[in-house]
Amino acid sequence: NTVLLGWPTDPERAESFGATLRVVAGLNRSIVAVRMPDDPDDPWDAPQGTVDVWWRGKANGPLMLLLAHLLVTNEAWRTRPIRLLRIAASEAAREEMTRHLEQLIESSRIRVTAQVIVAEDVAEVIHQTSRGAAVVLLGFEAPEEGAEAAFFAAMEHLAGDLPRVILVDSVGGMELDI
């Protein structure tokens, strides 16, 4: 029920890649797209840093958190802590969001640290907070027809210069009550 793809490094491929994402989503399949440098130092070596899951509370969140958990069950990744991160528009929203994330963590029984950051510039916060991460998980939705280039540019802007990003589009239906 899940398709694994490589994220293209060439913006010229945005239109065909977006069309592929739409087809996969239309087949009611989740999508996991891996965005990595063309030539990693050692693809089998787990990089230092955290496993950062950027939660927006939509259908992608549970699958992203489960993927992070599965990743750190691998022996090479076992010492990498998972951070569940969320951006709040105001200080007033931070408290409620923090409470929600803590309830989610408790019900999932996954070892995670929650952090809610108050900010307006989402991309800047992701870049600054996850700069030292081993891998970052971000959610997305397949683009509408004709919006492929804008979608690709927006996701590239969110991922920025982060070296290892896993982009997830979940069909949903997954619960974290393990």
Side-chain angles (χ1 to χ4, degrees), residues 1-44 46-47 50-74 76-77 80 82-87 101 104 108 110 112 121-127 129-130 133-178:
N1 65 358
T2 303
V3 176
L4 176 65
L5 303 167
W7 189 266
T9 56
D10 182 1
E12 296 291 318
R13 298 194 55 218
E15 194 168 318
S16 64
F17 184 67
T20 300
L21 295 176
R22 236 185 349 274
V23 167
V24 173
L27 294 171
N28 203 32
R29 299 294 184 254
S30 293
I31 302 166
V32 176
V34 180
R35 181 183 178 267
M36 288 188 56
D38 288 335
D39 191 19
D41 294 334
D42 181 355
W44 295 103
T50 57
V51 176
D52 288 354
V53 177
W54 285 93
W55 186 275
R56 290 192 302 173
K58 297 190 177 182
N60 297 331
L63 180 56
M64 292 191 310
L65 190 54
L66 179 61
L67 290 171
H69 172 68
L70 292 173
L71 181 62
V72 299
T73 61
N74 177 286
W77 288 81
R80 307 308 182 270
I82 300 172
R83 296 192 305 176
L84 185 59
L85 304 161
R86 184 149 189 205
I87 299 172
L101 291 180
L104 178 74
S108 72
I110 296 174
V112 180
D121 188 340
V122 173
E124 180 65 26
V125 169
I126 290 172
H127 301 163
T129 306
S130 293
V135 67
V136 177
L137 287 92
L138 299 172
F140 75 93
E141 290 181 20
E144 297 290 326
E145 189 169 350
E148 296 87 356
F151 159 79
F152 187 80
M155 293 312 297
E156 282 295 306
H157 179 67
L158 275 182
D161 61 355
L162 297 171
R164 288 163 299 281
V165 180
I166 299 172
L167 298 121
V168 177
D169 181 11
S170 175
V171 294
M174 194 190 131
E175 298 295 326
L176 284 173
D177 321 22
I178 299 173

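We number each residue from 1, following the sequence as shown.
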Scanning both residues in full, the closest heavy-atom pair of Gly172 with Ala59 reads CA-CB, 4.2 Å

query = Does the side chain of Leu65 come within less than 4.5 Å of Ile82's, by heavy atoms?
reply = yes

The reported gap from CH2 in Trp54 to CD1 in Ile126 (rounded to nearest 0.5 angstrom) is 5.5 Å

CG of Leu167 to CE of Met155, rounded to nearest 0.5 Å, is 4.5 Å

All heavy atoms of Ala14 vs all of Ala149, minimum pair found to be CB-CA, 4.2 Å

(message) Quick check against the 3.5 Å criterion: does His127 have a side-chain atom that pairs as donor or acceptor with the backbone of Ala123?
(response) yes

Taking the side chain as C-beta and beyond, is there a heavy-atom pair between Phe17 and Pro11 under 4.5 Å?
no

Can you list the steps and then say if Val135 with Arg80 is a side chain to side chain contact (heavy atoms under 4.5 Å, CB included)? CA-CA 10 Å; Val135 67; Arg80 307 308 182 270; over 6 Å; no

Rounded to the nearest 0.5 angstrom, the CG-CG distance for Asn1 and Leu63 is 8.5 Å

On a heavy-atom basis, the closest approach of Ser130 and Leu162 is O-CD2, 3.4 Å

Nearest heavy-atom approach of Val34 to Met36 is CG1-CG, 3.7 Å

Q. Does any N or O in the side chain of Asp169 come within less than 3.5 Å of the main-chain N or O of Ile31, such that one atom is a donor and the other an acceptor?
A. no

Report task. Flag yes if more than 12 heavy atoms outside Asp121 fall under 6.0 Å of its CG atom; otherwise flag no. Result -> yes

Exercise. Determine, stepwise, if the pair Leu84 / Leu104 fulfils side chain to side chain contact (heavy atoms under 4.5 Å, CB included).
Key: CA-CA 10 Å; Leu84 185 59; Leu104 178 74; 3.8 Å; yes

Could you walk me through whether Leu21 and Leu5 satisfy the side chain to side chain contact (heavy atoms under 4.5 Å, CB included) test, starting with their C-alpha distance in whole Å, then the side-chain angles of each, then the deciding distance to 0.1 Å, before giving a yes or no? CA-CA 9 Å; Leu21 295 176; Leu5 303 167; 3.8 Å; yes

For Ala159 and Val165 the tightest heavy-atom approach is CB-CG2, 4.1 Å

message: Can you confirm whether Glu124 is buried at CD, in the sense that more than 12 heavy atoms of other residues, nucleotides or ligands lie under 6.0 Å from that atom?
response: yes

Tightest non-hydrogen contact, residues Gly160 and Arg35, listed as O-NH2, 2.9 Å

With distance as the sole test, does Ser30 use its side chain to make a donor-acceptor pair with the main-chain N or O of Val171 at under 3.5 Å?
yes

Quick note, side chain to side chain donor-acceptor pair (under 3.5 Å) partners involving residues 10-27, not counting sequence neighbours, are Arg22-Glu148

* To do: For His69 and Met64, indicate whether the former's side chain and the latter's backbone hold a donor-acceptor pair under 3.5 Å.
  => no

ask   = So Phe151 and Phe140, would you call those rings parallel, tilted or perpendicular, with 30° and 60° as cut-offs?
value = tilted

message = As a quick check of understanding, evaluate side chain to side chain contact (heavy atoms under 4.5 Å, CB included) for Val51 and Leu71, giving each step before the final call.
response = CA-CA 9 Å; Val51 176; Leu71 181 62; 4.3 Å; yes

Value for CD (Glu141) from OG (Ser170), rounded to nearest 0.5 Å, stands at 10.5 Å

